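Below is one structure, written out as structure tokens; the observations come after it.
Predicted model, so just to flag it, every value in this text is computed and none were measured. Excluded from the calculations below are hydrogen atoms, water molecules and symmetry mates; all remaining heavy atoms, backbone and side chain alike, are included.
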Amino acid sequence: MYTTMAPMLLQAKQEGKGVPAFNIHALEVVPMMARTAAEKNCPVILQVSVSTAKYIGFHLLSTVVRESAAALNIPVALHLDHASKLEDISAAIEGGFSSVMYDGSQLPLDENISRTQEAVKLARGADVSIEAELGIVGRGKIVESYPYTDPEDAVRFVAETGVDALAVGIGTHHGQYKAKTNINLDVLKAIHEKVSTPLVLHGGTGVREEDVRICVRLGMHKLNFGTELNVSWVRAAKEVFGAAEPDESLRELMIRCNNAMADTIRKKIDLVRF
Ligand code: 13P
């Protein structure tokens, strides 16, 4: 069934489990992602960047997710990832998304809080869940010294914004595929002791399996995985399409790529639902 994100995270928190959030880059993968999660009886968040949402179309995407979820016995949410403009948050809400993220992490704390408050107002008015970000999740090359999230700032941020989920900077990177990241579990522990709002792990691809489990225990109940799924699809595509004749069924070829991504999805589910 199609639902919002907040109740999924609260239930995961009660159960001491994580909810995986998988990045979608193309419509083709949506039914497979929802079905694979249902096979594992796992609630799932399907999420897109603003660029992907615009490429597919907000409403078309939410229609496909809603229809894919309708027949399944698990909660499925559709979430807008890393929106830094309120107009994109509004477009997602009007387009039928059930969850959004406002990312003001590049802004000074006071401004991040006030912009997030505006985003929260938009989301609450439409019964849509909302995540925000405080601290930096890296992109591109690894840097050694980090602007980790300050636990005291996190306390103030959740109290003043009332978000449903908070992404925090503990040293993870988006897209880190070849080497694993050294995350700062002491920072996470300190945030977890002070903040009861479900926390979000960004850059899940680069996090060691054992660290993902620790993150769940330390309050991260939404765990994002993007790059590794993309890699498994594209890797399969290189092989499958490389060996295919041009008149072979595109459907059959894509099913094989989807199957490769589904295997990665199953592994990630096992990591967060232990
Ligand atoms: P990865 O692509 O590193 O798994 O990160 C996904 C993510 O955090 C999306 O916001």
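Salt-bridge formation is detected for the pair Glu228/Lys268: a Lys NZ or Arg NE/NH1/NH2 atom is positioned less than 4.0 Å from an Asp or Glu carboxylate oxygen.
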Per-pair distances, 0.1 Å, donor-acceptor, side chain in residues 71-82, under 3.5 Å, sequence neighbours excluded:
unit_1 : atom_1 : unit_2 : atom_2 : d
His79  : ND1    : Ser99  : OG     : 2.7
His79  : NE2    : Glu131 : OE1    : 3.1
Asp81  : OD2    : Asn23  : ND2    : 3.3
His82  : ND1    : Asp103 : OD2    : 2.8
His82  : NE2    : His174 : NE2    : 3.0
His82  : NE2    : His202 : ND1    : 3.0

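Lys54 places no side-chain N or O within donor-acceptor distance of the main-chain N or O of Ser49, the cut-off being under 3.5 Å. No donor-acceptor distance shorter than 3.5 angstrom exists from the side chain of Tyr2 to the backbone of Ser62, with no hydrogens or angles considered. In this structure a side-chain-to-backbone donor-acceptor pair under 3.5 Å is missing from Thr161 to Thr116. Between the side chain of Glu28 and the main chain of Met254, no donor-acceptor pair closer than 3.5 Å is present. No donor-acceptor pair under 3.5 Å is formed between the side chain of Thr36 and the backbone N or O of Ala262.
Scored by the salt bridge (Lys or Arg N to Asp or Glu O under 4.0 Å) test, Glu239 finds no partners at all (sequence neighbours excluded). Remark: Leu107 engages Tyr102, Glu111, Asn112, Arg115 in a side-chain contact (heavy atoms from CB on, under 4.5 Å) (not counting sequence neighbours). Shown here are the side chain to side chain donor-acceptor pair (under 3.5 Å) partners of Asp270, two or more places apart in sequence or in another chain: Lys40. Every residue two or more places apart in sequence or in another chain was checked for a side chain to side chain donor-acceptor pair (under 3.5 Å) with Ser68, and none qualifies. Scanning for side chain to side chain donor-acceptor pair (under 3.5 Å) contacts around Lys194 gives Glu152, with sequence neighbours left out.
Ile24 and Ile255 are assigned to two separate hydrophobic clusters, defined by single-linkage of ILVMFWY side chains at heavy-atom distances under 4.5 Å. Linking ILVMFWY residues whenever their side-chain heavy atoms come closer than 4.5 Å, directly or via other members, places Leu86 and Val163 in the same cluster. In terms of hydrophobic clustering, with Ile, Leu, Val, Met, Phe, Trp and Tyr side chains grouped at heavy-atom distances under 4.5 Å, Val29 and Val64 are assigned to a common cluster. No single ILVMFWY cluster, assembled from side-chain heavy atoms under 4.5 Å apart, contains both Phe97 and Val19. Cluster membership check: Val207 shares its hydrophobic cluster with Ile269, using side-chain heavy-atom separations under 4.5 Å among Ile, Leu, Val, Met, Phe, Trp and Tyr.
Residues Val195 and Leu199 approach most closely at CG1-CD2, 4.2 Å, considering heavy atoms. What you find for Val240 and Cys257 is that their closest heavy atoms are CB-SG, 4.5 Å. For the residue pair Ile183 and Cys215, the shortest heavy atom distance occurs at CD1-SG, 3.7 Å. Gly162 and Arg124 make their closest contact through O-NH2, 2.9 Å (heavy atoms, listed as atom of the first residue, atom of the second, distance). Scanning both residues, Val128 and Thr4, for their nearest heavy atoms gives CA-CG2, 4.4 Å. Closest of all the heavy-atom pairs between Val187 and Thr149 is CG1-O, 3.5 Å.
At a threshold of 4.5 Å between non-hydrogen side-chain atoms, the residues Met33 and Val44 do not count as touching. Val200 is not listed as a side-chain neighbour of Val168, based on a closest heavy-atom distance of 4.5 Å or more. Here the side chains of Leu250 and Phe241 are in contact, with some heavy-atom distance below 4.5 Å. Annotation: side chain of Asp164 is not in contact with side chain of Leu9 (no heavy-atom distance under 4.5 Å). Using a 4.5 Å cut-off on side-chain heavy atoms (C-beta onward), Arg273 and Glu15 make contact. Side-chain contact between Leu188 and Leu185: present, with at least one pair of heavy atoms (C-beta onward) separated by less than 4.5 Å.
Residue Phe274 places its CZ atom among more than 12 non-hydrogen atoms of other residues, nucleotides or ligands, all under 6.0 Å distant. Under a cut-off of 6.0 angstrom, the local environment of CD in Glu248 is crowded, with over 12 non-hydrogen atoms contributed by other residues, nucleotides or ligands. More than 12 heavy atoms of other shown residues, nucleotides or ligands fall within 6.0 angstrom of atom CG in Asp263. In the displayed structure, Arg156 atom CZ is contacted under 6.0 Å by more than 12 heavy atoms of other residues, nucleotides or ligands.
Note that CZ of Phe58 is 13.0 Å distant from OG1 of Thr63, once rounded to the nearest 0.5 Å.
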Self-check item: Stepwise side-chain hydrogen bond (donor to acceptor under 3.5 Å, both in side chains) check, Asn182 with Arg208
Solution: CA-CA 9 Å; Asn182 290 320; Arg208 289 183 192 88; 3.1 Å; yes
